[in-house]
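Encoded as structure tokens, the structure appears first; notes follow it.
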Amino acid sequence: MQPFDYVKPKTLEEASALLLQHNGQARPFAGCTDLLIRIERGFLHPDVVVDIKALPGMREVAVQPDGHLRIGAAATMNQVALHPAVLERWPLLAEGCASVASYQLRNRATVGGNLCNASPAADSAPALLCYEAVAHIFGPAGQRSVPLEQFFLGPGKTVLERGELLTAITVPPPAPGAVGHFLKLGRTAVGDISVVSVAVLGWPDLGAPSGTSWHIALGAVAPTPIRAAEAERLLGQDASPAGVEAASRAAAAAARPIDDIRASAAYRTDMVRVLTRRGVERVLAEMRAS
Ligand SMILES: Cc1cc2nc3c(=O)[nH]c(=O)nc-3n(C[C@H](O)[C@H](O)[C@H](O)COP(=O)(O)OP(=O)(O)OC[C@H]3O[C@@H](n4cnc5c(N)ncnc54)[C@H](O)[C@@H]3O)c2cc1C
């Protein structure tokens with residue numbers, strides 16, 4: 001493996017300045033479960049890695065006074081998946097984070113690294129899209145925030161510009177009575193990267209014709225994790241079995257998957273339909289039981 005320098009800045013300003021130097025050859029370093037593999041395989045050749053874990057607030061997970069959940073970008077998957085407030089109020093996110101790899105890997109892998117890596121299969125992303133999370137960024141021009149839905153530009157590409165780093169993700173409180181589930185299909189039952197993933201969040205809504213409103217997000221079936229807007233709209237109109245089937249087909253139609261070593265595009269598309277239907281049926285059953 002090619003050698004590189006390791007630096008551990010203490011302030012965001014120092015980290016940003018380090019990322020600006022080195023002519024684009026400095027990389028943020030969080031859990032390093034993605035980064036190290038890419039360096040070792042020769043896909044990336046950084047001169048320096050900038051460890052962001054000691055920066056202020058980077059490792060904290062807390063509910064803010066306004067009720068929003070704040071996840072420091074270097075909080076680990078296990079920190080989020082096992083956090084009592086996340087389990088109680090944002091359980092869909094806990095499911096997504098708990099589905100990543102193994103317990104050991106989740107002790108290193110961070111939510112920020114998962115998002116900044118910008119894999120279409122990032123397992124924290126669909127839940128965060130359903131909850132309408134916001135990404136907070138620090139860089140040479142100061143702070144800025146973007147809705148997570150606008151954060152991803154394509155495989156491996158985000159809105160982050162040179163010198164910028166993700167500092168936190170905030171997640172608004174879900175609507176009262178919201179129920180969510182994350183359905184992940186990998187090549188093995190646990191521990192594998194998603195071949196397809198579907199996050200479903202539904203809640204009672206007397207203003208909607210079906211009496212329910214929905215957010216649905218898909219992973220590993222498009223260049224970025226995406227929301228399935230037409231499926232959400234159809235379920236708001238009609239959550240009967242026929243409506244659920246129509247929405248599941250609309251979710252499949254929103255997918256733009258590729259054929260790769262892990263699955264064909266046709267299989268992925270059909271699995272979006274199946275997992276969406278299963279997820280919606282499960283959410284509806286739990287909403288009716290509560
Ligand atoms: C065996 C194995 C199994 C895996 N299984 C899964 C799985 O089931 N689901 C899944 O989603 N992923 C999986 N992954 C991928 C990986 O573990 C996750 O994407 C992880 O969350 C990455 O986090 P990290 O902290 O290790 O990121 P790092 O490797 O440290 O960084 C990843 C990328 O993001 C950049 N970066 C990191 N933090 C920031 C920041 N705050 N601001 C700007 N840029 C930043 C880095 O420079 C790098 O380019 C697996 C990986 C391995 C090795």
Side-chain angles (χ1 to χ4, degrees), residues 4 6-9 12 15-16 18-20 22 24-41 43-60 71-81 93 95-128 135-139 143-144 146 151-152 155-169 182 184-197 199 219-220 224-225 262:
F4 52 82
Y6 167 91
V7 282
K8 195 167 188 177
L12 287 169
S16 172
L18 281 161
L19 293 173
L20 262 187
H22 303 284
Q25 294 306 311
R27 302 289 299 206
F29 168 116
C32 223
T33 62
D34 276 315
L35 187 60
L36 208 55
I37 290 174
R38 282 167 197 263
I39 297 172
E40 195 262 332
R41 292 185 182 166
F43 297 129
L44 291 174
H45 308 92
D47 293 336
V48 55
V49 296
V50 180
D51 191 337
I52 57 161
K53 293 194 287 297
L55 298 174
M58 275 284 187
R59 305 219 75 164
E60 287 164 22
I71 303 169
T76 66
M77 292 291 174
N78 270 346
Q79 261 183 284
V80 176
L93 178 59
E95 278 187 38
C97 293
S99 80
V100 171
S102 61
Y103 188 90
Q104 289 87 340
L105 194 120
R106 291 194 292 276
N107 273 341
R108 275 210 70 86
T110 66
V111 175
N114 195 234
L115 300 175
C116 294
N117 199 43
S119 161
D123 281 324
S124 67
L128 288 169
H136 301 278
I137 295 165
F138 183 88
Q143 308 263 7
R144 64 185 180 113
V146 294
F151 182 75
F152 306 108
K157 293 199 187 103
T158 69
V159 297
L160 289 177
E161 292 179 6
R162 189 167 293 178
E164 287 190 326
L165 67 159
L166 181 69
T167 55
I169 304 104
F182 180 66
K184 167 172 171 173
L185 182 67
R187 289 167 304 177
T188 53
V190 288
D192 192 25
I193 300 212
S194 288
V195 167
V196 175
S197 68
T224 67
R262 291 181 298 126

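The basis for the numbers below is simple: all heavy atoms, side chains too, and nothing from hydrogens, waters or symmetry mates. Both ligands and their constituent atoms are indexed starting at 1 by order of listing. Residue numbers count from 1 along this sequence.
- Counting the atoms of ligand 1 from 1 in the order shown, those under 4.0 Å from a heavy atom of Leu160 are 43 (C).
- Residues Ile39 and His45 form no side-chain contact, since every pair of their non-hydrogen atoms from C-beta on lies 4.5 Å or further apart.
- Here the heavy atom of the protein found nearest to atom 28 (P) of ligand 1 is Cys32 N, 3.4 Å.
- Residues Leu165 and Val50 have side chains not in contact (no heavy-atom distance under 4.5 Å, counting atoms from C-beta outward).
- For the pair Asn78 (side chain) and Tyr103 (backbone), a donor-acceptor distance under 3.5 Å is present.
- The closest heavy-atom contact to atom 17 (O) of ligand 1, among the options Val49, Asp51, Thr33, comes from Thr33.
- Remark: ligand 1 atoms within the under-4.0 Å shell around heavy atoms of Met77 are 21 (O).
- If you check which protein heavy atom lies closest to atom 5 (N) of ligand 1, you get Ala101 CB, 3.4 Å.
- The side-chain heavy atoms of Leu55 and Phe138, taken from C-beta on, include no pair separated by under 4.5 Å.
- For the pair Phe29 and Lys53, the minimum side-chain heavy-atom distance is below 4.5 Å.
- In this structure, the side chains of Phe151 and Leu160 come closer than 4.5 Å at one or more pairs of heavy atoms.
- Between the choices Ser119, Gly113, Ala125, Ser102, the shortest heavy-atom distance to atom 27 (O) of ligand 1 belongs to Gly113.
- Here the heavy atom of the protein found nearest to atom 12 (N) of ligand 1 is Asn114 ND2, 3.7 Å.
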Please report the C-alpha distance between Leu19 and Arg162 in whole Å, then the side-chain angles of each, then the deciding distance to 0.1 Å, and finally whether the side-chain contact (heavy atoms from CB on, under 4.5 Å) criterion is met. CA-CA 7 Å; Leu19 293 173; Arg162 189 167 293 178; over 6 Å; no
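- Each of the atoms 41 (N) of ligand 1 lies under 4.0 Å from some heavy atom of Ala73.
- Side-chain N or O atoms of Glu164 include one that pairs as donor or acceptor with a backbone N or O of Glu161 at under 3.5 Å.
- For the pair Leu128 and Val111, the minimum side-chain heavy-atom distance is below 4.5 Å.
- For Lys184, the closest heavy-atom approach to ligand 1 falls below 4.0 Å.
- The shortest separation from a heavy atom of Arg38 to ligand 1 is not under 4.0 Å, leaving the residue out of contact.
- The closest donor-acceptor contact from the side chain of Asp192 to the backbone of Arg187 lies under 3.5 Å.
- Compare Asp34, Ile37, Leu35, Leu19 by their heavy atoms: the one nearest to atom 48 (C) of ligand 1 is in Leu35.
- Arg144 is listed as a side-chain neighbour of Val159, based on a closest heavy-atom distance under 4.5 Å.
- In this comparison of Leu55, Leu166, Ile169, the heavy atom closest to atom 42 (N) of ligand 1 sits on Leu166.
- Any N or O atom pair closer than 3.5 Å counts here, and Pro28 shares at least one such pair with ligand 1.
- Near Asp192, the atoms of ligand 1 lying under 4.0 angstrom from a non-hydrogen atom of the residue are 8 (O).
- Near Asn117, with a cut-off below 4.0 Å to any heavy atom, the atoms of ligand 1 are 33 (C), 34 (O).
- The option with the heavy atom closest to atom 40 (C) of ligand 1, from among Ala26, Cys116, Gly112, Ser194, is Cys116.
- Looking at atom 2 (C) of ligand 1, its nearest protein heavy atom turns out to be Leu105 CD1, 3.7 Å.
- The shortest side-chain heavy-atom distance between Leu115 and Ser124 falls under the 4.5 Å cut-off.
- Interface atoms of ligand 1 facing Ala121, defined by a heavy-atom separation under 4.0 Å, are 11 (O).
- Atoms of ligand 1 found under 4.0 Å from any heavy atom of Ala122, numbered from 1 in the order shown, are 11 (O).
- For atom 13 (C) of ligand 1, the choice among Thr158, Leu44, Thr76, Val100 with the nearest heavy atom turns out to be Val100.
- Looking at Thr167 against ligand 1, nothing comes within 4.0 Å, counting heavy atoms.
- Atom 49 (O) of ligand 1 has Arg27 NH2, 2.8 Å as its closest protein atom, hydrogens excluded (heavy atom only).
- The backbone N or O of Lys184 sits nowhere less than 3.5 Å from a side-chain atom of Ser194 that would complete a donor-acceptor pair.
- A 6.0 Å sphere centred on OH of Tyr6 holds more than 12 heavy atoms belonging to other residues, nucleotides or ligands.
- In summary, the atoms of ligand 1 found under 4.0 Å from a heavy atom of Ile52, numbered by their order in the structure, are 38 (N), 39 (C), 40 (C), 41 (N).
- Among Leu36, Ile193, Asp123, Thr110, the residue whose heavy atom sits closest to atom 10 (C) of ligand 1 is Asp123.
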